[in-house]
Protein chains: 2
Amino acid sequence: MQTLIAPAQLLKCMADDLRLRTLLLILNEKELCVCELTAALEQSQPKISRHLAQLRNCGLLQDRRQGQWVFYRLNPALPEWVLTTLNAIHDGNQTLIATDSERLQQMGDRPERAAACC
Amino acid sequence: MQTLIAPAQLLKCMADDLRLRTLLLILNEKELCVCELTAALEQSQPKISRHLAQLRNCGLLQDRRQGQWVFYRLNPALPEWVLTTLNAIHDGNQTLIATDSERLQQMGDRPERAAACC
DNA sequence: TTCCTATATATGGATATCCGCATATCCTAG
DNA sequence: CTAGGATATGCGGATATCCATATATAGGAA
């Protein structure tokens with residue numbers, strides 16, 4: 001589904017406020033599931049889910065199912081410039097996900113992660 | 001017209017193949033005029049002009065008129081993360097503007113730049 | 001002024017994007 | 001199997017984006 005996407009297309013996928021905040025939150029937390037993102041970003045579940053599908057189809061995110069939850073993380077095969085970009089945006093715009101992160105921390109009953117994978 | 005644009009909106013402005021190549025060419029050449037970009041990118045003048053207007057309105061580019069020509073350069077007040085991003089994309093995707101640059105070099109009668117400015 | 005070159009913009013149509021709502025799928029518990 | 005929670009997707013409709021074409025504006029030369 002995603003093999004060698006043009007840089008501009010990857011940028012376009014990042015170039016949406018919700019998707020960008022999603023990426024930065026995941027950059028911070030390593031891994032988040034849909035319900036955590038729904039809570040942190042205060043958006044409807046279908047909306048979050050569709051944006052996550054877009055990010056996955058672009059090759060930016062990778063998903064892993066664990067029980068009822070689906071966890072999303074950055075695709076480890078990401079081109080280096082993408083990571084450089086995300087980190088630069090993160091460092092240059094601390095307020096962008098400040099309240100989102102806060103909501104995430106204050107969220108009760110966050111799903112447990114199994115060391116799993118690989 | 002452009003005061004403090006959200007990061008996602010800046011990304012969206014960069015997230016178009018033509019506009020991204022335009023930015024990278026200008027990053028390389030410091031300054032280019034519309035006719036040079038029209039030749040390098042092999043696109044119609046109105047199309048180039050409209051994309052340049054978008055880049056200017058986002059605050060990514062700055063223009064300067066010199067005689068009949070209008071030269072575009074990166075806005076010197078650009079947030080650092082934007083420069084980091086452009087450089088990362090440039091370094092990670094050399095082929096992206098390779099033939100554009102070549103066409104630019106082979107273009108005859110490129111307009112002279114006055115040391116002007118300031 | 002008139003002509004020519006360089007650049008910008010208006011208009012309208014084709015296409016893409018985004019969202020809300022409803023529904024489907026998948027997994028676990030019982 | 002049945003029920004319920006978590007996640008994904010289908011279906012319009014509203015909106016935004018993009019382009020080609022035609023036209024307008026600006027500067028320089030005659």
Side-chain angles (χ1 to χ4, degrees), chain A residues 1 5-6 8-22 26 31-58 60-73 107-114 116, chain B residues 1 5-6 8-22 26 31-58 61-73 104 107-114 116:
Chain A
M1 186 126 223
I5 293 192
Q9 214 170 329
L10 282 182
L11 278 181
K12 189 188 294 187
C13 203
M14 306 191 238
D16 171 272
D17 187 63
L18 255 194
R19 289 197 295 272
L20 183 58
R21 282 154 64 203
T22 299
I26 291 177
E31 203 177 51
L32 287 172
C33 75
V34 181
C35 66
E36 290 174 306
L37 288 165
T38 302
L41 298 165
E42 287 187 324
Q43 301 289 329
S44 74
Q45 177 270 318
K47 187 166 167 181
I48 293 290
S49 196
R50 222 170 331 89
H51 281 295
L52 285 170
Q54 247 182 288
L55 291 166
R56 175 167 29 78
N57 290 340
C58 279
L60 287 168
L61 294 184
Q62 209 186 237
D63 64 343
R64 148 181 100 86
R65 158 152 272 162
Q66 175 179 324
Q68 3 176 210
W69 300 285
V70 176
F71 291 92
Y72 284 86
R73 56 170 63 191
M107 172 191 181
D109 287 334
R110 289 177 61 187
E112 305 274 334
R113 283 150 190 75
Chain B
M1 185 124 223
I5 293 192
Q9 213 170 329
L10 282 182
L11 278 181
K12 188 189 294 189
C13 203
M14 304 189 238
D16 170 272
D17 187 64
L18 254 193
R19 289 196 295 272
L20 182 58
R21 282 154 64 203
T22 299
I26 291 178
E31 202 176 51
L32 286 174
C33 76
V34 181
C35 66
E36 290 174 306
L37 287 165
T38 302
L41 297 165
E42 287 188 323
Q43 302 289 329
S44 75
Q45 177 271 318
K47 187 167 168 181
I48 293 290
S49 196
R50 214 168 346 83
H51 282 294
L52 284 170
Q54 246 182 290
L55 291 166
R56 175 167 29 79
N57 290 339
C58 279
L61 293 185
Q62 208 185 237
D63 63 343
R64 147 180 102 85
R65 157 152 269 158
Q66 176 180 324
Q68 5 177 205
W69 300 285
V70 176
F71 292 93
Y72 284 86
R73 55 170 63 190
L104 182 62
M107 172 190 181
D109 288 333
R110 289 178 61 186
E112 305 275 333
R113 283 149 190 75

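Numbers restart at 1 for each chain; the letters A, B, ... are given by sequence-line order, proteins then strands.
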Rounded to whole Å, how long is the line connecting atom CH2 of A:W69 with atom C1' of D:dG4?
13 Å
Heavy-atom contacts under 4.0 Å between residues 33-41 of chain A and DNA chain D, which residues?
A:C33, A:V34, A:C35
B:A39 meets the side-chain contact (heavy atoms from CB on, under 4.5 Å) criterion, sequence neighbours left out, with B:M107
Nearest whole Å is fine: how far is C:dT17 P from A:L11 CG?
15 Å
If the cut-off is 4.0 Å, is B:Y72 near the phosphate of C:dA8, judged by side-chain N/O to OP1 or OP2?
yes
Between atom CZ of B:F71 and atom SG of B:C33, what is the distance when rounded to the nearest 0.5 Å?
5.0 Å
Quick note, salt bridge (charged side-chain N to carboxylate O under 4.0 Å, His left out) partners involving residues 40-51 of chain A, not counting sequence neighbours, are A:E42-A:R103
How many whole angstroms separate atom CZ of B:R110 from atom C1' of C:dA6?
16 Å
Exactly one candidate in B:L55, B:V34, B:L52, B:V70 meets side-chain contact (heavy atoms from CB on, under 4.5 Å) with B:D63; the answer is B:V70
Nearest-angstrom distance from the residue atom CG of B:L61 to P of C:dA8
11 Å
B:Q45: side-chain hydrogen bond (donor to acceptor under 3.5 Å, both in side chains) partners, not counting sequence neighbours:
none
In Å, rounded to the nearest 0.5 Å, how long is the span from OG1 of A:T22 to CE of A:M14?
13.5 Å
side-chain hydrogen bond (donor to acceptor under 3.5 Å, both in side chains) partners for B:R110, two or more places apart:
B:E36
Rounded distance [0.5 Å steps], CD in B:Q43 versus OG1 in B:T38
9.0 Å
Please state how far atom CG in A:D109 lies from atom C1' in D:dG5, giving the value in whole angstrom units.
13 Å
Atom-to-atom span, CZ of B:R56 to C1' of C:dT7 - whole angstrom:
10 Å
Quick one about B:Q66 and B:R64 (side-chain donor to acceptor, distance below 3.5 Å, no hydrogens or angles considered), yes or no?
yes
Mind listing the N/O atom pairs, protein and nucleotides 16-19 of chain D, below 3.5 Å?
from   : atom 1 : to    : atom 2 : distance (Å)
D:dC18 : OP1    : B:R19 : NH2    : 3.4
D:dC19 : OP1    : B:K47 : NZ     : 3.4
D:dC19 : OP2    : B:H51 : NE2    : 2.9

For residues 9-21 of chain A, which residue pairs pass the salt bridge (charged side-chain N to carboxylate O under 4.0 Å, His left out) check, not counting sequence neighbours?
A:D17-A:R21, A:R21-A:D100
Give me, pair by pair, the N or O atoms of the protein and of nucleotides 23-30 of chain C that are less than 3.5 Å apart, along with how far apart they are.
from   : atom 1 : to    : atom 2 : distance (Å)
C:dC26 : O3'    : A:R65 : NH1    : 3.2

Using whole Å, what does the distance between atom C1' of nucleotide D:dG27 and atom CZ of B:F71 come to?
14 Å
In whole Å, what is the span from the CG atom of A:D17 to the C1' atom of C:dT17?
16 Å
Report the residue from B:L18, B:I48, B:L104 that forms a side-chain contact (heavy atoms from CB on, under 4.5 Å) with B:L37.
B:I48
